[in-house]
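Just so we're on the same page: letters track the sequence lines, and every chain starts at 1.
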Amino acid sequence: MSETSSEPTVTKTSYEATTVAQSGRAHLRHLLFQAGPLLALILLMAYLSFATSNFLTVDNLSNIARQSAFVAIVAVGQTFVILTGGIDLSVAAIAALSASITAVLLTQPLVLFGLDFGLLPPELAVAIGLLVGLIAGAFNGWVIATFKIPDFIATLGTMTIFRGAALLVTNGLPVPSFDAQRQLPDTLIWVGGGTLFGFPVSALLALLCGLIAWYVLRYTVLGRSIYAVGGNREAARVSGISIERTKIMTYAISGLLAAIAGIVLVGRLNSANALMAEGEELRSIASVVIGGTNLFGGEGGVLGSIVGAAIIGVLGNGLNLLDVSPFWQRIAQGFVIVVVVIFDQWRRRSMTRI
Amino acid sequence: MSEPEILLKLDQVEKRFPGVIALKSISMDLRAGEVQVLLGENGAGKSTLMKILAGEYRASAGTITVRGKEVSTLTPELAGELGIGLVHQELSLVPALSVTENIFLNRLPCDPLRRIDWRKAHDMARRALDALGVSIDPTVEVRRLEVAEQQLVEIARVLERGPRILLLDEPTSALSDGERLRLFDVIRRLKSRGVGMIYISHHLAEIPMIADRVTVLRDGVVVETLPAEKADEDTVVRMMVGRALDEQFPKQAAAIGALALAVENLASGVSLKDISFTLRRGEILGIYGLMGAGQSELAPALFGLQPIKAGGIAVDGKAVHFSYSSDAIAAGLGLISRDRRQSLVPMQPVGPNLSLSWLSRRRLLAPLDLKREREESGRYVRELRVRPSSLTHQLMFFSGGNQQKVILARWMSSGAHVLIFDEPTRGIDVGAKAEVFALMSRLVNEGAAILMISSELNELIGMADRVLVLHGGRVSAELDRDQLSQENLLRHAS
């Protein structure tokens, strides 16, 4: 987060000299802390490579990447929201809504108010699905910013709204339904489950989303505004940053990424339904926190969140390979989250004066 | 006379934070029945030292001896048992609890069934407050009290534990003169009972009133401990700053230029009723008023942070209406707000804090100007002598005065030419104050117009070209520089 770290200006007084000498070590620590999640992922993978015979195979790793892509993409959007000090509980519902709408439009003719539009071009169907995610997210942001209600409650409410809308769209049935007039396009199946140069497409897409998000957070006015709003709302306000605009934008981004993830998931499962991805909002939050972003906003980044999603994916896969029962797997995953947050709090305390 | 007992002895105490040495080799002692005033600029390490003694921080090295017994690790509990009490600089009260609950937190009197005996508790609280000579209803929630009253509750809370060693970290910063004198009475009473006190203050005038000895800290080391009668203002200021402070108020006559800000019949919020004034380039216009006279709502109203009920504002002769602070920034205004913590992003270094106001009104996906940010933060850190002169440390590691300089640099870099200084010296030390004043002088010389809202009479007298005195939300007097005196200001304010 420190693009200014390259050249500290030093004037030579004895006081400064000590400060800067100290700062070398502090930087090393800082770096170590920042790399913490990545280090944990590498250690975990190293352990599993030795402990099991089939962890370190191309098939297995591709499988993990494909499975983690959904959470990773959602977590990228969630990072934006958490950095502003908010939380988005509606991401999985938005993913399901966008996925449902896209899948319905891809497989059935569109009939609106008695008008029959016929089968839409697949590109348009996907675009509408993405737009729905963007608008749903912006709606979250608008409600939160305009009516000044807590993010948690607002998105808890809209989560149910979006799930309900998805049920309406699908009639509560899986899509494509038995009377589908068209199958899901091959391109979508390829995005969800195929490979490009040997790499799973969905995982590459997640990385692409992560890279764009990283750029936005680090090099644009929006990114800086997000860190400022999360770091100190009042300071942002006094400095002329529109908190409303920033909030709406971050939630819109979160909604858009949830929609992307949902549509990718349709491709992987070759099916959509209104209740898909249930509980994934919590996994996305866990990914963000494991990745080192402060749950209270202002500190962290999107690359950590992707690593966090990978940790969750590798852990689940590894426990499977180690033949741990699914019940114990849940317990283990829960523990990992708690331990990581304990570590994170300890780290923060040792960094600040308190 | 027998030698008084040494209550507390520090030997080469050191405290390091990641990247910063806050204290290096502090050695001092505290005698029974003495008031030792601890002086030092912001960032000298006073508050850190207090927190170590209260067990809130752990010293990195050195020994602490309390009443003859060396204590290796001081925890807040142990400090309490040893009779060490700390009155915090930042209030440490629970706003949603009553005065009584705050005073006796954790130790509320109970009946045999372990139910809280509220009548007894409130009585005890009332007596504790009476001892301080204040009448505050003990059943009231703390958040409903004025800051000064909260401060007194904090003091009562610490005194209620009967400390032998009392640490007071700027206890009078929010108190009125009368309340301060009553606190001094209490301090003298405690003194006669043999309590030893370390007293931190930025008010040098308090030294002859209560001090027995004075210890000066600078950059985390003890410069000297000297008896109060030798601690005249010049001497201690020189020790604190490390150089002679040639001029506290470097006021220079600047050329008065074009009209910058005109305010007509402005009303806003609850206290601001009807205020008109003009401000020209090159001018420092002071605003003075007693608590609740309207001066605390003036800056938010002018800066678009709080809606205006009536009246108009014109900048550079053009009528303006600010719905948001971004409008005010675009018109060339800058605000140094009364609470520094409201202006900073503490977990970010100087650069992003400096450039924060540049983001105003820009397209969201526009790229940041990181090159300019790097250059300007480097330049301002050098020019304004920000300490530590680092572009990588998070701002929370900076002292109040240095944080204030960064906020000033923000508005200088954004090219603001009408600057509102709302209590610019609150909680910053003598050296930093002089630097802030020097900057104000420099700014008006470069053609800026400054509105200086302050409750410090001597600062207004020292810096302002004119002062507007407010009373009941209206202007009660406009005084020119040659009419400025403490008596005059106070007379029109009350």
Side-chain angles (χ1 to χ4, degrees), chain A residues 1-16 18-27 29-30 215-216 218-246 249 294 297-299 348 350-354, chain B residues 16-22 24 48 57 219-220 303 305 324-330 335 337 339 341-353 355-368 370 373-374 377-378 381-382 385 387-394 396-397 410:
Chain A
M1 202 181 51
S2 49
E3 47 266 338
T4 48
S5 62
S6 47
E7 35 192 357
T9 329
V10 188
T11 52
K12 290 217 168 30
T13 69
S14 64
Y15 175 62
E16 258 40 77
T18 53
T19 313
V20 171
Q22 283 282 309
S23 102
R25 238 187 312 161
H27 271 300
R29 265 168 73 138
H30 193 67
Y215 176 84
V216 168
R218 207 175 153 125
Y219 292 110
T220 68
V221 170
L222 174 65
R224 201 43 93 54
S225 306
I226 286 171
Y227 281 106
V229 168
N232 185 350
R233 216 183 156 84
E234 200 50 40
R237 195 167 84 99
V238 169
S239 307
I241 290 169
S242 164
I243 290 160
E244 288 79 14
R245 205 169 64 144
T246 310
M249 199 65 181
N294 187 344
E299 282 176 293
R348 260 178 243 292
S350 75
M351 295 290 289
T352 57
R353 287 196 162 205
I354 296 158
Chain B
R16 290 197 213 100
F17 292 111
V20 183
I21 300 181
K24 32 190 170 184
T48 308
Y57 291 165
D219 293 346
F303 208 65
L305 294 171
Y324 301 100
S325 53
S326 51
D327 301 340
I329 293 167
L335 170 67
S337 50
D339 186 352
R341 280 167 299 184
Q342 286 189 355
S343 297
L344 299 168
V345 186
M347 59 281 268
Q348 296 202 328
V350 172
N353 272 292
S355 64
L356 206 54
S357 61
W358 306 352
L359 307 184
S360 166
R361 280 200 171 178
R362 290 199 56 199
R363 279 187 306 111
L364 283 179
L365 290 180
L368 294 169
L370 293 176
E373 178 180 292
R374 219 166 19 242
S377 40
V381 160
R382 262 193 315 277
R385 300 195 300 129
R387 297 286 177 273
S389 63
S390 151
L391 297 184
T392 53
H393 280 94
Q394 299 171 310
M396 60 180 132
F397 294 118
R410 174 190 296 166

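What you find for A:G231 and B:P346 is that their closest heavy atoms are O-CD, 3.9 Å. Contact detail for A:R224 and B:S355: the closest heavy-atom pair is NH1-OG, 3.3 Å. A:V238 approaches B:I329 most closely through the heavy-atom pair O-CD1, 3.9 Å. Here the closest heavy-atom approach between residue B:S326 and residue A:G240 is recorded as CB-O, 3.4 Å. Summarising the geometry of B:P367 relative to A:V221, their closest heavy-atom pair is O-CG2, 4.5 Å, with the distance given to 0.1 Å.
Residues B:R410 and A:S239 have side chains that bring a donor and an acceptor to within less than 3.5 angstrom of each other. Side chains of B:R363 and A:T220: no donor on one and acceptor on the other come within 3.5 Å.
Two residues are said to be in side-chain contact when any heavy atoms from C-beta on lie closer than 4.5 Å; B:S360 and A:I241 fail this criterion. Here the side chains of A:N232 and B:Q342 are not in contact, with every heavy-atom distance at 4.5 Å or above.
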Would A:Y219 and B:L370 count as a side-chain contact (heavy atoms from CB on, under 4.5 Å) here? Give the steps.
CA-CA 8 Å; A:Y219 292 110; B:L370 293 176; 3.4 Å; yes

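Residue B:F303 places its CZ atom among more than 12 non-hydrogen atoms of other residues, nucleotides or ligands, all under 6.0 Å distant.
Remark: the backbone N or O of A:A235 is not paired with any side-chain donor or acceptor of B:S343 at under 3.5 angstrom.
Atom OH in A:Y227 sits 14.5 Å away from atom CG in B:L356 (nearest 0.5 Å). For the atom pair OH (B:Y324) and CZ (A:R245), the distance works out to 10.5 Å, reported to the nearest 0.5 Å.
If you measure heavy-atom distances from B:L359 to chain A, the contacts under 4.5 Å come from both the backbone and the side chain.
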